[in-house]
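In each ligand, atom 1 is the first atom listed, and ligand 1 is the first ligand listed. Please read all numbers here as calculations on a predicted model, not as lab measurements.
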Amino acid sequence: MLKSVGSKKINIAVFISGIGSNLKVLIDHSKKKKSKFNINLIITNNSKAKGIHYAARYMIKKKIINYSSIKSAEKNILLELHKNKINLICLAGFMKILSKNFIKKFKGKIINIHPSLLPKYKGLNTHQRALDNQEQYSGCTVHYVNSKLDSGKIILQKKVKIFKTDTCNKLAKRILKQEHLIYPKALEKVLSNL
Ligand code: GRF
């Protein structure tokens, strides 16, 4: 489990590959008076990820990781995590799968947000698959990361109703709104269990 660091704030690294709207929400939350964490580091595999601009805007350290070799990529990430004394990793739209070895090294200290009601629709294209199966509900889940894809212990979930008129885009937007509400809440829950 997480090592308690007394009254000091928990240092968090957020891993992104794209827009970074969940990253933004976590940064906003970290600025609140009662927040128990700081976002100290942004890691990305994608030099074109839109969310990277939050690093300059909020003066957060960023690291773009070359993923041509997973082994050296993860070695570099681990170095950065240690250098920046990171206690917890939040995955937020990070499109690379972390190796078993990496996850072992950060056991119980990696969480992820996934746009479905897990255990349903692990992996990609969650909204389209939910629509194709004529589900009445979809949603989002924050969960611990273990060595099986999208299968770790669930921390928080939010159901979202699917309408007959829904398209993939419409549903994705509605679910993303809920993601922005549950990710900070789930993180607080994780931190309060320290
Ligand atoms: C979110 O839908 C998240 O659940 C999924 O990737 C998307 C990332 O969006 N894992 P953003 O980059 O945080 O805007």
Side-chain angles (χ1 to χ4, degrees), residues 12-31 37 39-58 60 62-65 67 77 88-99 102-103 106 109-133 135 137-162 166-190:
I12 290 183
V14 183
F15 289 25
I16 62 165
S17 298
I19 293 172
S21 66
N22 280 290
L23 163 66
K24 166 77 167 66
V25 162
L26 294 181
I27 294 172
D28 286 347
H29 202 79
S30 75
K31 308 277 182 207
F37 65 91
I39 307 291
N40 304 67
L41 181 64
I42 299 169
I43 296 263
T44 187
N45 63 306
N46 175 12
S47 59
K48 293 191 178 112
K50 282 197 180 150
I52 301 179
H53 77 272
Y54 291 122
R57 184 153 147 202
Y58 293 101
I60 299 170
K62 67 160 192 245
K63 194 79 195 170
I64 298 164
I65 301 288
Y67 247 86
I77 294 176
L88 181 76
I89 296 169
C90 291
L91 305 181
F94 186 59
M95 299 306 283
K96 293 286 178 189
I97 292 176
L98 297 169
S99 72
F102 184 98
I103 293 168
F106 257 73
K109 298 176 191 171
I110 311 175
I111 65 174
N112 180 41
I113 185 142
H114 184 76
S116 80
L117 283 179
L118 290 173
K120 279 193 164 179
Y121 307 113
K122 297 171 183 173
L124 297 174
N125 302 319
T126 54
H127 308 307
Q128 193 56 57
R129 288 190 282 146
L131 289 174
D132 290 347
N133 286 341
E135 297 280 4
Y137 291 93
S138 186
C140 46
T141 306
V142 180
H143 64 95
Y144 284 102
V145 171
N146 66 11
S147 56
K148 281 192 194 149
L149 184 69
D150 300 326
S151 298
K153 191 175 168 216
I154 291 171
I155 302 161
L156 218 58
Q157 270 187 325
K158 178 76 187 174
K159 252 185 179 181
V160 172
K161 175 106 185 90
I162 298 182
D166 261 337
T167 60
C168 205
N169 256 348
K170 280 188 190 169
L171 180 60
K173 270 192 192 157
R174 275 203 326 283
I175 290 179
L176 192 62
K177 265 193 190 161
Q178 296 306 317
E179 292 184 34
H180 296 162
L181 297 178
I182 68 162
Y183 211 168
K185 271 192 197 160
L187 184 51
E188 286 295 342
K189 198 173 163 193
V190 167

**OP:** Take every heavy atom of Ile16, measure it against each atom of ligand 1, and state whether any distance is under 4.0 Å.
**Re:** no

Original post:
Counting distance only, does the side-chain N/O of Arg129 pair as donor-acceptor with the main-chain N or O of Lys120 below 3.5 Å?
Top reply: no

Original post:
Does a donor on one side chain and an acceptor on the other come within less than 3.5 Å for Lys96 and Ser17?
Top reply: no

**OP:** Identify, for atom 10 (N) of ligand 1, the protein heavy atom at the shortest distance, and state residue, atom and that distance.
**Re:** Ile113 O, 3.2 Å

**OP:** For atom 14 (O) of ligand 1, find the nearest protein heavy atom and state the residue, atom name and distance (0.1 Å precision).
**Re:** Ser21 OG, 2.5 Å

**OP:** Check the side chains of Ser21 and His180 for a donor-acceptor pair under 3.5 angstrom, ignoring hydrogens and angles.
**Re:** yes

Original post:
N/O to N/O below 3.5 Å, does that happen between Gly20 and ligand 1?
Top reply: yes

Original post:
Does the side-chain contact (heavy atoms from CB on, under 4.5 Å) test come out yes or no for Leu181 and Lys158, once each step is laid out?
Top reply: CA-CA 9 Å; Leu181 297 178; Lys158 178 76 187 174; over 6 Å; no

Subject >> Backbone or side-chain N or O of Gly18 under 3.5 Å from ligand 1 N or O >> reply: no

Subject >> Distance filter under 4.0 Å to Gly93 heavy atoms, resulting ligand 1 atoms >> reply: 6 (O), 8 (C), 10 (N)

Subject >> Protein heavy-atom partner closest to atom 9 (O) of ligand 1 - residue, atom, separation in Å >> reply: Asn22 ND2, 3.9 Å

Original post:
His143 pairs by side chain to side chain contact (heavy atoms under 4.5 Å, CB included) with which of Ile111, Asp150, Leu156?
Top reply: Asp150

Original post:
Any nitrogen or oxygen of Glu179, main chain or side chain, under 3.5 Å from a nitrogen or oxygen of ligand 1?
Top reply: yes

Subject >> Side chain Thr126, main chain Tyr121, donor-acceptor under 3.5 Å >> reply: no

